[in-house]
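Read through the structure below, which is laid out as structure tokens, and then see the notes.
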Protein chains: 2
Amino acid sequence: MVMAMVASHPDPLAGFPAGFLDGFTSREVAKGQLLATPGQALNQVFIVRSGRLRVYLASDARELSLAILEPGDIFTTHTPTFVRGLEPASLWVIGIREFAAKLAGAPGVAPLMMKVLGRILDNAVSLVEDLAFRDVPARLARFLVRQAARRGEQGPEGCLLPLDLGTEDIACLLGTTRQSVSSLINQWQREDLLSRRGRRALLIHDLPALAARSLAPG
Amino acid sequence: MVMAMVASHPDPLAGFPAGFLDGFTSREVAKGQLLATPGQALNQVFIVRSGRLRVYLASDARELSLAILEPGDIFTTHTPTFVRGLEPASLWVIGIREFAAKLAGAPGVAPLMMKVLGRILDNAVSLVEDLAFRDVPARLARFLVRQAARRGEQGPEGCLLPLDLGTEDIACLLGTTRQSVSSLINQWQREDLLSRRGRRALLIHDLPALAARSLAPG
DNA sequence: ACGCTTCCGTCGGCCAGCCGACACTCCTGC
DNA sequence: GCAGGAGTGTCGGCTGGCCGACGGAAGCGT
């Protein structure tokens with residue numbers, strides 16, 4: 001699930017025409033620094049050059065992460081979300097009007113934007129689907145399966161998953177609580193579906209079984 | 001809440017340059033007809049000319065409406081959602097590739113697309129926010145307040161709201177059940193916040209009080 | 001080593017809201 | 001009229017999962 005409103009490329013700049021970055025300014029973001037908040041409509045578009053950022057919603061008592069932005073991801077501050085540096089990061093930034101002008105000027109980029117748009121929609125819809133239809137076990141299972149497909153490395157004992165996220169962070173991505181995630185992981189560990197490998201990595205032992213649990217209950 | 005992934009204009013074609021519709025084909029949709037489903041990636045963009053369409057997600061046991069499309073709204077079949085005619089409707093349709101080409105050719109349209117994109121994101125995020133942070137009373141209250149701002153007509157007794165939706169339909173928009181909506185409305189009726197006016201309309205008597213209940217609990 | 005801090009595991013209580021069931025009211029066509 | 005169907009109101013039981021609490025384990029600075 002999740003990973004959300006973001007277009008992700010293995011190579012940070014694949015797909016952009018040479019010189020497309022002209023007119024962007026560079027910007028550094030410190031760890032924990034708040035880059036955007038709802039309300040303040042900055043109207044900027046940015047592309048992540050290095051580091052990771054967290055996009056999230058917040059109510060008085062809770063936070064829900066929409067996405068972890070990684071190098072190559074493109075996003076805009078023109079959404080009612082918080083964006084915060086998860087670690088030191090650097091960005092290319094441009095005003096949204098100038099960005100639109102660039103799009104008009106570079107014909108090849110419009111289709112690319114459509115792709116980005118499509119992916120953003122897919123991810124948003126996927127998030128809504130999770131929150132509305134799936135219970136917590138299914139959400140967690142789906143998250144792990146997707147991460148395995150994305151970042152997992154196949155080994156003799158199973159698929160090694162470097163999450164780089166704590167229990168709390170995962171809960172936040174799934175719209176649930178630390179406790180629920182914790183107890184589920186340990187339950188599955190007892191069932192030999194997976195096992196912890198150090199502090200922030202998992203070894204998936206039975207991927208198909210996990211996939212089965214990622215389906216909506218019923 | 002909701003109303004969702006859609007850009008809505010009071011005037012169906014405001015903002016589009018003259019001749020922009022060249023290349024679109026016309027299409028009729030019957031009441032109840034399924035226009036798009038997840039899986040089948042039709043890759044079309046369409047604009048609603050007349051009638052209403054429902055955009056929704058479905059699991060085995062439940063449905064969740066993302067939006068009711070109305071004349072002037074623009075949408076794409078390239079999302080994992082169902083789109084179904086709510087009443088007889090007619091559309092302008094074009095392939096997504098051709099649409100992208102038009103964007104590249106008509107420089108003035110790209111900024112318009114950015115606006116549309118922004119609105120789509122806002123609405124999607126708003127939906128997620130509701131599902132994650134607000135309880136059912138808050139969701140319903142917010143829905144009614146927004147509808148009042150959108151379609152309500154001020155009268156001597158309060159604000160008259162022609163919903164054109166049954167209890168079940170509203171529940172579907174809010175991601176809850178018929179029963180919950182029903183009991184809430186009647187509870188509020190007892191508190192004199194509102195009253196039923198015929199089968200599918202409400203008279204809002206105390207809009208501020210409703211607005212107060214639309215905030216996240218806590 | 002040691003404290004200190006941060007993170008993780010587990011338990012029990014509690015409650016919003018889903019579900020099934022059923023009666024009632026309203027429209028509609030014969 | 002008067003069936004029949006669709007939509008509506010209401011109740012009680014049941015449960016997923018949030019919350020608070022607390023103890024244990026792992027990292028880290030000195």
Side-chain angles (χ1 to χ4, degrees), chain A residues 1 31-32 58-64 86 130-143 163-191 193-202 213 215-218, chain B residues 1 31-32 58-64 86 130-143 162-191 193-202 213-218:
Chain A
M1 77 133 296
K31 171 174 178 174
S59 75
D60 291 342
R62 192 128 55 112
E63 294 185 357
L64 171 66
L86 205 55
D130 265 14
L131 289 173
F133 298 142
R134 292 179 210 285
D135 59 14
V136 172
R139 297 215 284 275
L140 179 56
R142 184 142 85 128
F143 171 73
L163 286 172
D164 287 328
L165 296 170
T167 311
E168 179 106 47
D169 301 308
I170 296 174
C172 211
L173 278 166
L174 300 175
T176 181
T177 60
R178 189 186 63 75
Q179 292 95 318
S180 298
V181 172
S182 174
S183 70
L184 275 172
I185 292 206
N186 283 78
Q187 186 180 320
W188 290 346
Q189 211 161 348
R190 269 172 244 126
E191 299 175 26
L193 296 187
L194 48 77
S195 53
R196 283 201 166 276
R197 273 293 177 279
R199 201 68 160 177
R200 13 192 65 193
L202 286 176
R213 305 195 185 212
L215 303 170
Chain B
M1 75 134 298
K31 171 174 177 173
S59 74
D60 291 342
R62 192 129 55 111
E63 294 185 355
L64 171 66
L86 206 55
D130 265 13
L131 290 173
F133 299 142
R134 291 181 212 285
D135 59 15
V136 172
R139 297 214 285 275
L140 179 56
R142 184 142 84 128
F143 172 73
L163 286 171
D164 286 329
L165 296 170
T167 312
E168 179 107 47
D169 301 309
I170 296 174
C172 211
L173 278 166
L174 300 175
T176 180
T177 60
R178 190 187 61 74
Q179 292 96 319
S180 298
V181 172
S182 174
S183 69
L184 275 172
I185 292 207
N186 284 77
Q187 186 179 321
W188 290 346
Q189 211 160 348
R190 270 172 244 125
E191 299 175 27
L193 296 187
L194 48 78
S195 53
R196 284 203 166 275
R197 274 294 177 280
R199 200 71 160 177
R200 17 191 61 194
L202 286 176
R213 305 196 184 212
S214 74
L215 303 170

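Naming convention: chains lettered A, B, ... in sequence-line order (proteins, then strands); numbering from 1 in each chain.
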| field | Nucleotide dG16(D), atom P - distance to CG of Leu131(B) in whole Å | value | 20 Å

| field | Whole angstrom value for the distance that separates P of dC18(C) from CZ of Arg62(B) | value | 6 Å

| message | Go nucleotide by nucleotide along DNA chain D from the 5' end; which of Gln187(B) and Ala61(A) gets its closest nucleotide reached first? | response | Gln187(B)

| query | Leu174(B) pairs by side chain to side chain contact (heavy atoms under 4.5 Å, CB included) with which of Leu140(B), Leu64(B), Asp169(B), Leu131(B)? | reply | Leu140(B)

| said: At less than 4.0 Å, is any side-chain N or O atom of Ser183(A) found next to OP1 or OP2 of dT10(C)? Yes or no. | reply: no

| task | Specify the separation, in whole Å, of atom CG of Leu184(A) and atom P of dG17(D). | result | 8 Å

| Does OP1 or OP2 of dG17(D) have a side-chain N or O of Thr176(A) closer than 4.0 Å? | no

| task | Report yes if a side-chain nitrogen or oxygen of Arg196(A) is closer than 4.0 Å to either non-bridging phosphate oxygen (OP1 or OP2) of dA26(D); otherwise report no. | result | no

| request: Keeping the roles fixed (side chain from Arg213(A), backbone from Ala141(A)), state whether a donor-acceptor pair exists under 3.5 Å. | output: no

| Contact under 4.0 Å: Asn186(A) side-chain N or O vs dC8(C) OP1/OP2 | no

| task | Please report, rounded to the nearest Å, how far the P atom of dG12(C) is from the CD atom of Gln179(A). | result | 15 Å

| message | Can you measure Phe133(A) atom CZ to dG16(D) atom C1' for me and round it to whole angstrom units? | response | 18 Å

| Within less than 4.0 Å of OP1 or OP2 of dC18(D), is there a side-chain N or O belonging to Ser180(A)? | yes

| said: Check this one for me: any side-chain N or O of Arg190(B) less than 4.0 Å away from OP1 or OP2 of dT10(D)? | reply: yes

| field | dA21(C) OP1/OP2 closer than 4.0 Å to side-chain N/O of Arg178(B) | value | no

| At under 4.0 Å, does any side-chain N or O of Thr167(A) touch on OP1 or OP2 of dC8(C)? | yes

| Between the main-chain N or O of Ser183(B) and the side-chain N or O of Asn186(B), is there a donor-acceptor pair closer than 3.5 Å? | no

